[in-house]
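Report on the following structure.
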Amino acid sequence: MSRILLVEDEKNQRELYAAELRDDGYEVEEASDGKMAVEKVKSNKYDLVVLDIRMPEMDGIEALGKILSRDKKIPIVIHTAYSNYKSNFMTWTADAYVTKSSNLDELKTKIAEILAARGQA
Amino acid sequence: MLIKKILLNLSLYIPDVALILFLTEEGVFVPEERSHFVVVLVYFLIKISLHNIVAFFCFIKPYSAVKDILLQFQRGRYSMADSAHVLKPSACFGDLFELLRSTGRYLDNLVGSQNDEIEKFRELYNNVILSANSYFVVLNARDEVIFANKSFSANFRYTDDEILGLRLEDIFYIIPGRFSDAIDNVKKRGQSAVLRKIKLISRRKISLIADIKISRVTVQGEKQYIIVMDDITSQWRKDYQISLISQISESLQRDEEVERILYAILTAVTSGSGLGFNRAMLFLYNEQKKILTGKMAVGPDSMEEAVQIWGSVQNEELNLLGGGPDAPPVLQTNGAFYKQVVTSNFAINGNTLFADVFNKRAPVHIYDAASDPRVDPETRKFMDVSEFVVVPLCSANKALGVVVADNKFNGAPIYEDHVELLSIFAVQASLSIDSYNSLSSVKERMEHIQAKQEAIVESEKMAAVGRIAAHIAHEIRNPLVTVGGYARRILQSVKKPQKTVEDIEKAASIILHESERLEKILSNVMDFSRPSPLIREYNNLNDVVKDTYYLLKNVLQERKITATLDLEQKLPLVKSDFNQLKQVVLNLLQNAMDATPAGGSVILKTGLTETHIYIRIKDSGTGISPEAMDKIFDPFFTSKITGVGLGLAVVKKIVNDHNGEIVISNNPEGGCQFSVELLRPS
């Protein structure tokens, strides 16, 4: 069972995504901001990180850098309401960029693809 | 015998006595003899008669000669060579005549030398008068000319004899009121008068501007009036020209229309006080059609009109450009002359004189249009005058047109200095046109730039709208995603019965919450764009603060922030909108709360300065960074994760609507203070 770290500051959204991903059979841990996410990555092992960008304390871009400097191989899916972060080169280091939608199919597809590719490797 | 002795002695001296003695016998006069007595008596009578006859014949000639000489003396002729021959030096009157002659010669010399003196003085006097360029005229009590000096008669084109007996009205078309009043005054009071700048035009078409002195003299009991005129026309013209040029440059600064400048110049050219041309016309170059086209004309249609115009500007300092009471007559656009000019065109590549002047840019003075080969038939017919001047209008290598002037009505000769002055005016006119043109091109460019600027502002506005739309879209996206996501979950739970009621309930409540958030965002945006209501009521700012405080009291407690109210009890009422001010305090208090960590404090204070009433909200929060300070009131600027960025923009708008100010400062001990300052009611 793949372990996913879900980083999302909006409680309602976070609960929604966590519930959906759990329904799909993933083990989900939650973090409400970038700082907490970095801490969690330090002390735990995750198969994938779903990372929001606009967050208090530490935003997703900064957290992305810190997570990658910790573990270069960990797959990261950026999940944000803003499509304009695509122009920020930091996001290019992520494995996928998904714009938030009420339809979570895209997010779920990307996660499945990335994990499948990793599983084969 | 004694008597005889006495008589004999007497006879030695008196011949007659001897004769008497001789006639008596024995040489003794015997009175007793009557006959002797008679003889003696007759003798005496004869003797007296003979004496008279002799005397008559001897003295008649010298007498008449002396009388003649004296009569000649009386007539002032002292030389008597002609009458000398009747007198012989030997004659008994010879000496006397000689004396008379020498007296005559002496008198002759004396008078002669005096005449020389007078003649010399007269010469000197005339020289002075001539060199002073003054015109002298002497009138008798009946206002008739009894003397006029040469310059007067010559200048006004009269012979010396012609002018005698004329009255001033016979010589001049118009006697200005100032002049005739002064003459009347001198007649009544006898005091001399001096008049400046009198404008005169003579019936023989001579115009001048003169300083005039009038004085009264009494000659042999008769009163006479001496009028001296100093011709100041040329001086006046120079002054006038200078003032005109300065007026024109002033008018340029005043941004006058070019037409007005040109009209002023043509008026100057034609007015008697200017160059005194009868007519002036202006042709400007039309670049598209390649023609000189009649733009303007100043001048009368007839001599009568000319005199009338001349009279109408009497006694006035001509102010060409000002609109005062002494402004020149307005441009007559209905005259035959004007119409003739503005309907005329001359092609610049045609063979006309005007085109020639325009192309060569050199003035031309035509003395006799009928015989001058430079004058083409078209121009000859158009001008219908033998002498005229054509002067080019050109500025900095660019020909603009021509000015044409003539003396059609009085036929006065055009002098070289007039042509020169006209050229100077033309240069001035060209400069005016040129700078006007460059001014208008600058204006045009300015307008162009302004239009561009407006376009930029417009596109900036569009960009702002785009930014606002993008911002709102982003703000709305998050809640919508959440709403949509939970709605999907509810749908799924209908399909998948393993979902619990709690799940559905939770999803629905989240949808509700997010919908409320969406509504709040939208109402914020609406608030900001809503026009401000009229402010009519008077409110106590303490009430505004207290109401808002109670609204957020629970939240403050929840966040463990201590709030303190420090209210000035004697606040005057302020004209304001209660709800809007509440919005202001609410937004500021919310910001303070958001910036202040748990355990911090917020102080709400009201108070008075000399000029203002204020509400201050002070927190112990994070303060405002210098970068943020500049942008803090910009719409959609926010430092909060979940803020729309409209709170302070709304605050600012409301405070502005209340004619107030909002002052922000960071506290030295940390945190910041917002002070809303409204004008104290007077």
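Every chain is numbered from 1, with letters handed out A, B, ... down the list of sequences.
- Looking at every heavy atom in both residues, Leu16(A) comes nearest to Thr482(B) through CD2-O, 4.3 Å.
- Counted within 6.0 Å of CD on Gln557(B), heavy atoms from surrounding residues, nucleotides or ligands total more than 12; the atom is thus considered enclosed.
- In terms of modelled atom types and a separation under 3.5 Å, the side chain of Tyr486(B) and the main chain of Asn12(A) share a donor-acceptor contact.
- Nearest heavy atom pair, residue Val481(B) against residue Tyr17(A), reads CG1-OH, 3.4 Å.
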The test is side chain to side chain contact (heavy atoms under 4.5 Å, CB included); show your working for Gln13(A) and Glu514(B) and say whether it passes. CA-CA 10 Å; Gln13(A) 280 188 31; Glu514(B) 292 294 325; 5.8 Å; no
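- Atom NZ of Lys35(A) has 12 or fewer neighbouring heavy atoms from other residues, nucleotides or ligands inside a 6.0 Å radius.
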Please step through side chain to side chain contact (heavy atoms under 4.5 Å, CB included) for the pair Thr99(A) and Arg477(B), ending with a clear verdict. CA-CA 10 Å; Thr99(A) 308; Arg477(B) 183 161 210 143; 3.7 Å; yes
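- The choice from Leu104(A), Asn103(A), Thr80(A) that makes the most heavy-atom pairs within less than 4.5 Å of chain B is Asn103(A).
- For Asn478(B) and Glu10(A), the side-chain atoms include no donor-acceptor pair closer than 3.5 Å.
- The existence of a salt bridge linking Lys506(B) and Glu15(A) is confirmed by a sub-4.0 Å separation between a basic side-chain nitrogen and an acidic carboxylate oxygen.
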